[in-house]
Trainee: 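One structure follows; several queries about it will come next.
Lettering follows sequence order; numbering is per chain, from 1. In this text the structure is predicted, and so the values were computed from the model without any measurement.
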Protein chains: 2
Amino acid sequence: MFWIYGFYVMTPRKPKSENSIVDIARALGISPATVSRALNNNLRISEATRVRVKEMAKEMGYRHNSMASSLRNRRSNTIGLIVPRISMYFHAFFITSLQRQLQAAGYNLMICQSNDSVKLEKELANSLYSARVDALVVSLTLYTEDISHFEGFVKQGIPLVFYDRVPAEGTPSYVIKGDDYRGGLLAGNHLVGAGCQRIAYVSGPLSCSIYHERTRGFMDALAKQDVALRKEWVYHHELTMENAWNSLRKLFDGHDVPDGLFAANDTTAIAAVEFARERAIRIPEDLRIIGYSNDPRTSIITPSITSIEQYPHEMADKVAETLIDALQQPVSGSSVSIGDPVVCPVDLVRRMTT
Amino acid sequence: MFWIYGFYVMTPRKPKSENSIVDIARALGISPATVSRALNNNLRISEATRVRVKEMAKEMGYRHNSMASSLRNRRSNTIGLIVPRISMYFHAFFITSLQRQLQAAGYNLMICQSNDSVKLEKELANSLYSARVDALVVSLTLYTEDISHFEGFVKQGIPLVFYDRVPAEGTPSYVIKGDDYRGGLLAGNHLVGAGCQRIAYVSGPLSCSIYHERTRGFMDALAKQDVALRKEWVYHHELTMENAWNSLRKLFDGHDVPDGLFAANDTTAIAAVEFARERAIRIPEDLRIIGYSNDPRTSIITPSITSIEQYPHEMADKVAETLIDALQQPVSGSSVSIGDPVVCPVDLVRRMTT
DNA sequence: TTGTATGCGTTATCAT
DNA sequence: ATGATAACGCATACAA
């Protein structure tokens, strides 16, 4: 709006809807710079003006514009997170914990779900890259092998942290993972120790680090104890209820059936318990079952299921710490060094299925 | 960097780290405006330059700066969400569904947890307000009664949508809620219909809309069937395992015990089943139990628990639709009108505890 | 302690 | 179809 020939002329622009620091400055008869400094509690500003400015800001309903601020400062105070599914127990608790800490440190968390689709993961990575997140945290899809869509972050020196489902070695990024190899080992030893000889294994796809590692550990355990793992009793597929149920049917179709099952996630273990109930297979006498993740459901079902605890909160602590370090000391180092994976402990929780 | 007396002079500013639209323009010898238009697929740009620009952009590793774009356009393409806890079943699935749809519509979702703290909820509201979210979606804490911290959104005409745990009437915002009154009614009728006469009720605090409504419905059902609800058998508190367990102990301490229990969430119902198992109370013969939310755990536990299904996905659909409508038709109307709550259906799912 | 001036990267407006 | 320019709101270097 400006003054011409005695008339106010409305420009066709959007009306200026909100007060900025310039408006406060004008109202107070001081410069915008002073206002900015006062609002940011800059040291070299008099107490008096600081107070005046803040009062006026409140009076005018001023709100800080973080978009402008971010543009100017070249940092968004936002951290991106790409996770396969929010609703998975492990991730839900991980996120809860991570977010609480980042919130406390003054960061916003932009949570996105890849839904286990590589294509979507790529799109999200690009979107968060454009959104100028200050850091990116990722747990990969089941099928991500090519991780070139994260290269931009590395090139720009934007901290990149993988957790849980991490890429193959050699990525110049932070890696924080569970000790899946040991988890597999524990599971294998436990089943054999309980007397199982005819062991079946239902796992996720090997393209995913966690299943790859669990499988390695499990295989090693069996090999070391001279227990054979028959090929036809090993399944690799997405670990949904339906898929699990299908594999179980195949496993127990003939008269030659397993006496032990390692289910690489708890959903599958739960399916197995329900399957056994339906078929009147006695647990643990006829079949011993061990799951993975220590999902709360495992302790609710009857019989309760032996599982591997992954400590999602501790993992979130580690990720948060890594992030905050990396963000505070740009480029230089943090306590977690790049490319040197942090391996978080796991524990076996014994229950009634073994 | 600028040219003086034949020398490039580095200013002490941060080095310009990335290529912008201006750099592309310079490289191509055209104007930044043209580059912007080309990248945005503006119609009045020649196919030839569009291609040239896009190629150069790719070559130079250009990435769109949404902070600048947002500042200029006065919209962030980001929607804020404040939820009590991500890890609650209902919310986890709601979020999953909502996010998928907003993602598809080109919006980012900034998910925050209030952790059922009113103080944190306020901080988050302010933070999202500063972050210039284009809309805000909220499910309130258990204790939020004063909702003045959302006033700013209303004043600025930023779409504000409450779902599930909604404020008392009269807020000029969109409201999408489950039919908690009917849920309570269904629960009450079901217990009485199954023959219960001595009914207990463990609920959340009445400051929270969902428990308020469930309680009303439940009370009405009992009243209509002339079944008394003893005061000493009614509890209102946060519905955690521990609290539930405490109340159950009190309920079953004497010799005069209930024969029916309405647990206003499934966690409490699960606690009740486990409590009954420990005390050798037979279900459903001695005690009938009904929960709320149809958490997957209710169908896994033995005996499986009768519960009320809330259809989180459908609710998310409705919220997404409302948001997208409201964002597309600023100020004017959408199919959901402000202040006129949308009530989503609920259904009783009968299982083995009744 | 405060003011002046500039630029962050993009896009809308107006002009050509 | 393309170019020149200004402005979104803020925060800093520099000057006073």
Trainee: Looking only at the side chain of L71(A) (C-beta and beyond, no hydrogens), which of the listed nucleotides dG9(C), dT10(C), dA11(D) gets closest?
Mentor: dG9(C)

Trainee: Let me know, please, whether R37(B) or R63(B) comes out on the 5' side of the other along DNA chain C by nearest nucleotide.
Mentor: R63(B)

Trainee: Side chain of T34(B) only, please: which of dT2(C), dT2(D), dA4(D) is the nearest?
Mentor: dT2(D)

Trainee: Phosphate oxygens OP1/OP2 of dG9(C): is one of them under 4.0 Å from a side-chain N or O of S36(B)?
Mentor: no

Trainee: Would you compute the distance between atom CG of L120(A) and atom OG of S127(A) and round it to the nearest 0.5 angstrom?
Mentor: 10.0 Å

Trainee: Using 4.0 Å as the upper bound for N to carboxylate O, is an ion pair formed by D116(A) and R85(A)?
Mentor: yes

Trainee: So does R52(A) pair up with E55(A), basic N to acidic O under 4.0 Å?
Mentor: no

Trainee: Using heavy atoms and a sub-4.0 Å distance, could you list which residues of residues 43-57 of chain A are near DNA chain D? By number, please.
Mentor: none

Trainee: Does S31(B) have a side-chain nitrogen or oxygen under 4.0 Å from the phosphate oxygens OP1 or OP2 of dA4(D)?
Mentor: no

Trainee: Hey, what's the ring geometry for F94(A) with Y163(A), parallel, tilted or perpendicular (30° and 60° as the breaks)?
Mentor: parallel

Trainee: Using the side-chain heavy atoms of A68(A), tell me which of these nucleotides is nearest: dC10(D), dT12(D), dT10(C).
Mentor: dC10(D)

Trainee: Who passes side chain to side chain contact (heavy atoms under 4.5 Å, CB included) against A104(B), sequence neighbours left out?
Mentor: none

Trainee: Less than 4.0 angstrom between a side-chain N/O of N40(A) and OP1 or OP2 of dA11(D), yes or no?
Mentor: yes

Trainee: Would you say S69(A) places a side-chain N or O within less than 4.0 Å of OP1 or OP2 belonging to dA11(D)?
Mentor: yes

Trainee: Under a 4.0 Å threshold between the charged nitrogen and the carboxylate oxygen, would D134(B) count as salt-bridged to R74(B)?
Mentor: no

